[in-house]
Structures are given as structure tokens and as C-alpha cells.
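Reading through the C-alpha cells given below for one structure.
Note: hydrogens, waters and symmetry copies are ignored here, and every other heavy atom, side chains too, is used. Note on naming: letters A, B, ... go to the chains in the order of the sequence lines (proteins, then strands), and numbering restarts at 1 for each one.
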Amino acid sequence: MAAPLQAQTLKGFRDYLPETMAPRQAMIRAIEDTFARHGFLPLQTPALEYEETLMGKYGEEGDKLLYRFEDNGQRRVALRYDLTVPLARVVAQHRAELQLPFRRYHIAPVWRAEKPQRGRFREFLQCDADIAGVNSPLADAEVLVTGLQVLRSLGVEGARLHLNHRDVLFGLLELRGVTEKPQQIACIRAVDKLDKIGAAGVVAEIVREAQLDTQAAEQVVAAFAPGGGLKDLQQTVAVAGDSAPVLKQAVERLEAVLALVAAAGLADLITVDVSIARGLDYYTGIIYETRLTDPKVASMGAVMSGGRYDGLIGLFSKEQVPAVGISLGLDRLLAALQELGLLPTHLARVPVYVAVMDSQVAGHALHVAGLLRAAGLRAEVDLGGGKLGKQFERASKRGAQVVLVLGSDEVASQSAVVKDLGSGQQTPVSWTELPAFVASLLT
RNA sequence: GUGGAUGUAGCUCAGCUGGUAGAGCGCGGGUUUGUGGUACCCGAUGUCGCGGGUUCAAAACCCGCCAUCCACCCCA
């Protein structure tokens, strides 16, 4: 006999066994439901796109991480890297059929050829909600509120959304005399690491990467340093006055968005954080990331982020269409929750087990199981046969909560013995009473 | 892409300075009659990641490869 094939998954790709898939699916449903309740409609797009659709949208690094290849018709194609660029393509391509503002949600896997790490995979599920067609604080706030409500509906505690604005970054730098784009980007990259390598480390990196002198670098860091909250920004604006119009406008935008989120009762989940940089590729307005505060999983990075991208759709169309969105990385969130022991385990178990005394009653067992299933209860029928003790053993090993025993006596009286495996108590119940009785045991 | 750590039964791991492998959990069977989980008894586990080398002898030492994890980079 030939040796069996190697059973293996690709690096960075994973199987989701029921133990993780069951809670994962419950989360997906909750997210979808929350998106829908916030007025977003479902959209789906192909996993594969033309290479040129995706190339150059994510920056140098991003291009390297695209899965690219040639299809059987010699077309250059790539697996989607996110859900935002496909959305931009859709809005441009179906512009005539869509009514603006267009609100869509999209839950689907994306692929990035990165080096896998804890909480970082090559295939992972993104859950996005975006609004195309409106550039306003209200649209920004609507998207943020939706995202925060999603986290709430998932029961995620200890998450914090760090909000910033792209023009705050550039405005602060220009105020310090850093006006060259490459220098600005180098500075922003460095500042992004403030909480990781400290102020001195950031100064060093700016001197090295942006070729500023130490004094200038220190000034830059000072502009971002002291926690970098909204108050610091407002103070900076007050001092700078009209000499920093871009900065002023960005800060006003942040104020407006924050006020709206506060009115929705979610202010305590958001803080302004000028050190948030994010990909500078297509973002043009607010940017943000959401991190879990528990130190055990803080290093896994952001679980939900996004921002405003008013120029992206225009790349695919003559018309400029502003847009803003949020993106939740479900598999990273799931990995974090799993590590924190916050995933429910009961979902991967079937609560009702129907024992079958002998083959004579098999048909009746199916009938009884059917009564429960019709009532919305999850039930499985024993398939292994054998002694009743064996069947009970299987039931409890599988995590069932209730076992129904069905023998010829029970069939004769149109009843079943219902045993609660938790308490050990058992009761004979007629078939008509069965669904209600079992349901009462499961609550 | 750069640097570091790890790789022994399904899982978590032990195996001291080289003498061809162990534990716990899990798994299978049993403790007779239509009752599981707890207890007791018995049992099977394995190219010691892969390929070379050193040696009388390698799971252990050396080299290469692969995989996983961690940090950097970047990100969800």
C-alpha cells in the first residue's frame, strides 16, 4: 500500500475545528446582525481580483504581501488583501446601480503573505462596514458607533478605540518645519512607536531615518509626546492660530466626531491619540485602531481599525466619491478571546442525546428527535448502538446535557425517559410534552 | 525580509555530562441484568521534525533543511 499523503495545511492557514468554529460562527452572526441593524446592506465580491486593481494601493510593503499569480487564461490576478479596495472598485464599477450614500457590510476572508505570528495569519476573516458618498463628521461617527456596538454585542470588554486624523499628523509636522513628504512619513513611523521604544528611542529614529538634527527631532517628539490627547491638540491650535489651518481643521473634525459619538453614549470607549499613524496609503481623514487593554493580548495589535479614504474610489472612476469605514479582524479577536479564556464552550456540543435501546425503536427515536428539532432544540440520535451504558457514556463524553431513553416500554406508552445528566434526575415524559419539558431543562 | 527559541505518544511535557524511550491527561476494554460523568483494574500507543555527519553506540553532539513560536518590520 502506498504511503498516505501528508495531511497538512499551508503555513499561516488554519482549519477551524468545531470547538473554535462554533463560537466563531456565533460571533459572525452577531456582527452581521449588528451591521444590519445599523443600516448596512450585505455585499460580496470575488476572492480574486485583477492584479492591477490591488497593486499600489497599500504601499510598498503591501504590494509585497499580495498573493499574485497567473490564472489559466494568462491573466495576472491577486487574492484580495482587504475588503476596502474591492469596495472602491464596486462603487466605481456599479456607480449607476448604486444609490449614494452606499452603506455596505462585507464579512469575508482576505489573504496576506505575511510571516505568521501570534494573532497574525495569512488567511483571516475581516468584517467591514463602510459608507461611501458622504464626507461628514456624522458619517465618521456612524461608522465608529457601529464598530463599537459590534464589540459590545460580542461581549468584548476592555477595548479602547484610539482616534486620530491624518492631517493632525501632517499639520503637527508642518508646524515644526517638517514639510518634505518622505521626512514626514519617517517621522510618523517613528512617533507610532512612542509607547514601545520611548521618547528617546523615537528621537534617535527620527534623526536616523528622517535626517533631522537632534533638536528638530526633539521638537517633533514634543509635539506628539505628552499622551497626545485632544486637550494638547486644542492647546497647540490655540497657540498656533491661523498659521496652521490644516491642523486646525483636523482638530475641529475630531471634536465634531467625538461629540457625536458621545451623544451616542460611547465616549468612554474612545480616546484621541496622536501617535496613531496607520497606513498612509489611501487614508485622508480620521484614522483609528482599537486595541484590547488586557496586557496578555495587547501585543497582538489592533483588532478593529480603519479610517476615511476620500481618494480611493476616484482611482477607479472619473468621479470622486468620499468614503469612511471600519474593519474588524475577527480571527485575531477570536485568538485573543481564546487566550483570555472568554470563548463559550457549550456551542460545540449538542445538548440532547437520544439513546436507542434496540433497532426495533430506531424509527421512533428519529420521530422523537424530530419533535425536539421542530421546536428548535439541537438533538442527535445515538448511532453506535450497544448497551445503554455505552450510549450514556458517549452522551456524556460528547457533552450532552440531556439523554432521552427510548425502549419498547416507552414506545408503547408514547413516552420517553428524560434524564438530566447534570442532576442525575430522570422523568418519564409523554411525546407531546417532550419539547417543552426538555427545553425547560436546558435553560 | 532580519534576529532568537523550540521541535520526543492525539495533547502537555520528562529523558542528568551519548548506551536504541517515560509520566500525566486523552484513547480502547473491564468491574454480569435498561443508566453516563466520579473510583478501581487491564491495555495500545512513537520513522524521538526531516536528511546527512561524528561515534563501537545518538532522542541527546555537529551541519543543513523544514515547521512552529517570539521579537523587529508591517499590520487585522
Side-chain angles (χ1 to χ4, degrees), chain A residues 3 6-14 17 19 58-65 81-84 107-128 147 159 185 188-190 192-193 196-197 201 205 209 276-281 287-292 297 299-307 325-336 339 353 355-358 361 382 384 386-411 416-426 428:
Chain A
Q6 189 78 32
Q8 56 181 354
T9 49
L10 283 164
K11 185 204 253 298
F13 288 70
R14 306 174 305 157
L17 299 184
E19 200 174 308
Y58 308 106
E60 266 176 66
E61 287 301 314
D63 281 356
K64 283 190 219 156
L65 301 180
Y81 177 94
D82 68 1
L83 303 176
T84 307
I107 298 174
V110 303
W111 295 269
R112 298 180 187 179
E114 296 202 70
K115 194 157 173 174
Q117 242 178 75
R118 188 173 68 135
R120 171 190 278 185
F121 315 102
R122 289 187 168 174
E123 175 183 63
F124 60 95
L125 198 73
Q126 280 205 328
C127 309
D128 281 33
I185 287 171
I188 288 165
R189 287 227 170 100
D192 193 34
K193 295 176 203 160
K196 254 185 194 167
I197 60 180
E205 181 164 332
E209 301 294 331
I276 294 300
R278 303 207 45 72
L280 299 157
D281 328 291
I287 48 182
Y288 49 88
E289 26 187 87
T290 311
R291 306 203 201 110
L292 298 178
V297 293
S299 70
M300 281 171 120
V303 295
M304 184 176 83
S305 35
I326 197 152
S327 179
L328 180 136
L330 184 68
D331 288 307
R332 176 173 289 179
L333 179 62
L334 187 80
E339 207 161 308
Y353 198 90
V356 185
M357 281 302 300
D358 58 71
V361 298
D382 178 85
K387 291 188 212 162
L388 196 55
K390 264 283 158 253
Q391 300 194 33
F392 265 90
E393 199 179 315
R394 279 195 287 268
S396 94
K397 205 167 282 177
R398 291 169 150 264
Q401 290 171 258
V402 170
V403 173
L404 267 52
V405 180
L406 215 65
S408 47
D409 294 351
E410 285 78 17
V411 168
V417 170
V418 178
K419 177 161 180 175
D420 183 328
L421 289 183
S423 67
Q425 287 199 331
Q426 55 183 46

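- At least one donor-acceptor pair under 3.5 Å links the side chain of A:Arg112 to the backbone N or O of A:Tyr81.
- To the nearest 0.5 angstrom, A:Met357 atom CE is 5.5 Å from A:Leu388 atom CG.
- At a threshold of 4.0 angstrom between heavy atoms, the contacts of A:Gly407 with the nucleic acid are absent.
- No contact: A:Met300 has no heavy atom under 4.0 Å from any strand.
- We find that CZ of A:Phe124 is positioned 5 Å from C1' of B:A76, with the value rounded to whole Å.
- Because its NZ or CZ atom is not both nearer than 6.0 Å to the ring centre of A:Tyr353 and within 45° of the ring axis, A:Arg398 does not count as a cation-pi partner of that residue.
- A:Arg394 places its CZ atom 15 Å from the P atom of B:U35, with the value rounded to the nearest Å.
- In this structure, B:U55 makes no Watson-Crick or G-U wobble pair, since no nucleotide meets both defining distances under 3.5 angstrom.
- Taking side-chain N and O atoms only, A:Lys397 has no distance below 4.0 Å to OP1 or OP2 of B:G37.
- Remark: B:G10 base-pairs with B:C25; criterion is Watson-Crick or G-U wobble with both hydrogen-bond distances under 3.5 Å.
- For B:G46 and B:A14, the C1' atoms lie 15 Å apart once the distance is rounded to whole Å.
- Atom name P, nucleotides B:C50 and B:A21: the rounded distance is 16 Å, in whole Å.
- One cannot find a donor-acceptor pair under 3.5 Å joining the base of B:G36 and the side-chain atoms of A:Lys390.
- Counting atom types as modelled, A:Glu410 pairs a side-chain N or O with a base atom of B:G34 as donor and acceptor under 3.5 Å.
- Counting atom types as modelled, A:Gln426 pairs a side-chain N or O with a base atom of B:U35 as donor and acceptor under 3.5 Å.
- Across B:U38 and B:C25, the matching C1' atoms stand 16 Å from one another, rounded to whole Å.
- When distances run from any side-chain atom of A:Lys115 to the nucleotides B:A71, B:U35, B:C74, the shortest one goes to B:A71.
- A:Gln391 has no side-chain polar atom (N or O) that falls below the 4.0 Å cut-off from OP1 or OP2 of B:U35.
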- Applying side chain to side chain contact (heavy atoms under 4.5 Å, CB included), run through A:Arg14 and A:Thr9 and close with a yes or a no. CA-CA 6 Å; A:Arg14 306 174 305 157; A:Thr9 49; 6.0 Å; no
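- Dashed line: the shortest gap from a side-chain N or O of A:Arg120 to OP1 or OP2 of B:C74 is not under 4.0 Å.
- OP1 and OP2 of B:A76 both lie 4.0 Å or more from every side-chain N or O belonging to A:Ser327.
- In this structure, the side chain of A:Glu114 does not engage the main chain of A:Leu65 through any donor-acceptor pair within 3.5 Å.
- Put simply, CZ on A:Arg122 is 14 Å from C1' on B:C75, counting in whole angstrom units.
- To the nearest angstrom, P of B:G36 lies 11 Å from CG of A:Leu421.
- At the heavy-atom level, A:Gly424 lies under 4.0 Å from base atoms of the strands shown.
- Spacing between atom CZ of A:Arg291 and atom C1' of B:C75 amounts to 12 Å, rounded to whole angstrom units.
- Searching all strands for a Watson-Crick or G-U wobble partner of B:G18 with both distances below 3.5 Å returns nothing.
- Side-chain atoms of A:Arg112 and base atoms of B:C75 include no donor and acceptor less than 3.5 Å apart.
- The CZ-P distance, from A:Arg332 to B:A76, rounds to 8 Å in whole Å.
- Here B:A76 is the nucleotide among B:C69, B:A76, B:G34 with the atom lying nearest to any side-chain atom of A:Phe121.
- Using a 4.0 Å heavy-atom cutoff across all strands shown, A:Val303 reaches sugar-phosphate atoms only and no base atom.
- Here the side chain of A:Glu114 is nearest to one of B:U35, B:A76, B:C70, namely B:A76.
- For the pair A:Ile185 CD1 and B:C74 P, the interatomic distance rounds to 12 Å; values are reported in whole Å.
- Residue side chain A:Lys387 does not reach the base of B:U33 through any donor-acceptor N/O pair under 3.5 Å, judged by distance alone.
- Under the Watson-Crick and G-U wobble criteria, each requiring two contacts below 3.5 Å, nucleotide B:C65 is paired to B:G49.
- With a cut-off of 3.5 Å on both pairing distances, the Watson-Crick or G-U wobble partner of B:U31 is B:A39.
- Here B:C75 presents its P atom at 19 Å from CG of A:Asp331, a figure rounded to the nearest Å.
- The partner of B:C74 cannot be assigned: no Watson-Crick or G-U wobble pair with both contacts below 3.5 Å exists in any strand.
- Rounded to the nearest 0.5 angstrom, A:Arg332 CZ and A:Arg118 CZ are separated by 10.0 Å.
- Here the side chain of A:Asp331 pairs a donor or acceptor atom with the backbone of A:Leu125 at under 3.5 angstrom.
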